[in-house]
Amino acid sequence: MYPFGESINRITAKKPRVLRLLACTFCVLFIAVSLFSEIYIITHANHEHDHIGANGACATCAQITATANLLNQLSIAIVKAAAIVFNLFAVLSLLCFFIGFIYGSSPVTLKVKLNN
């Protein structure tokens, strides 16, 4: 047996908890960044054009356009990911149903006495 076996077991036992916390933190930060991006777009929608950006373009308009494009792309990716997860769940549910239907539950397999 390893001399540090007990401490290694404690570290590996905490790993799922750390991963769960990391995933939750990532989700919260993602939502916060999305919310702050929306707030930026809303607060700067009716701004005065400064025309001091690249080639005389408005820097604020460029930021609003980039932020809006990023949020649109992320929303499309989230919808597609949700659709994939839903379809995967539907296929797995049907697969489980048909496996149960093929192998079936009969009174004999359930060991039910039919004395009537």
Could you go through Glu38 and Thr67, starting from their C-alpha distance and side-chain angles, then the distance that decides it, and tell me whether this counts as side-chain contact (heavy atoms from CB on, under 4.5 Å)? CA-CA 8 Å; Glu38 287 291 335; Thr67 305; over 6 Å; no
Less than 4.5 Å apart, any side-chain heavy atom of Glu48 and any of Cys58?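 Contact flag for Glu48/Cys58 side chains = no.
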Side chains of Ile39 and Phe36, heavy atoms from C-beta outward: is any pair under 4.5 Å? yes
Counting only pairs under 3.5 Å, give me each side-chain donor-acceptor contact of residues 75-85, with atom names and distances, residues two or more places apart or in other chains.
| unit_1 | atom_1 | unit_2 | atom_2 | d |
| --- | --- | --- | --- | --- |
| Ser75 | OG | Leu71 | O | 3.2 |
| Ser75 | OG | Asn72 | O | 2.8 |

Hey, what do you get for CZ (Arg17) to CG (Leu22), rounding to the nearest 0.5 Å?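 That separation rounds to 13.5 Å.
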Enter the distance from Leu74:CG to Asn69:CG here, rounded to the nearest 0.5 Å.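 One gets 11.0 Å once the value is rounded to the nearest 0.5 Å.
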Say whether Phe30 and Leu70 are linked into one hydrophobic cluster, either directly or through other cluster members, by side-chain heavy-atom distances under 4.5 angstrom. yes
Does Tyr40 have any ring pair (Phe, Tyr, Trp, His ring centres under 6.0 Å) partners at least two apart in sequence or in another chain, and if so, which?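 Applying ring pair (Phe, Tyr, Trp, His ring centres under 6.0 Å) to Tyr40 gives His44.
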Of all heavy-atom pairs between Leu21 and Thr25, which one has the smallest distance, and what is that distance? O-OG1, 2.7 Å
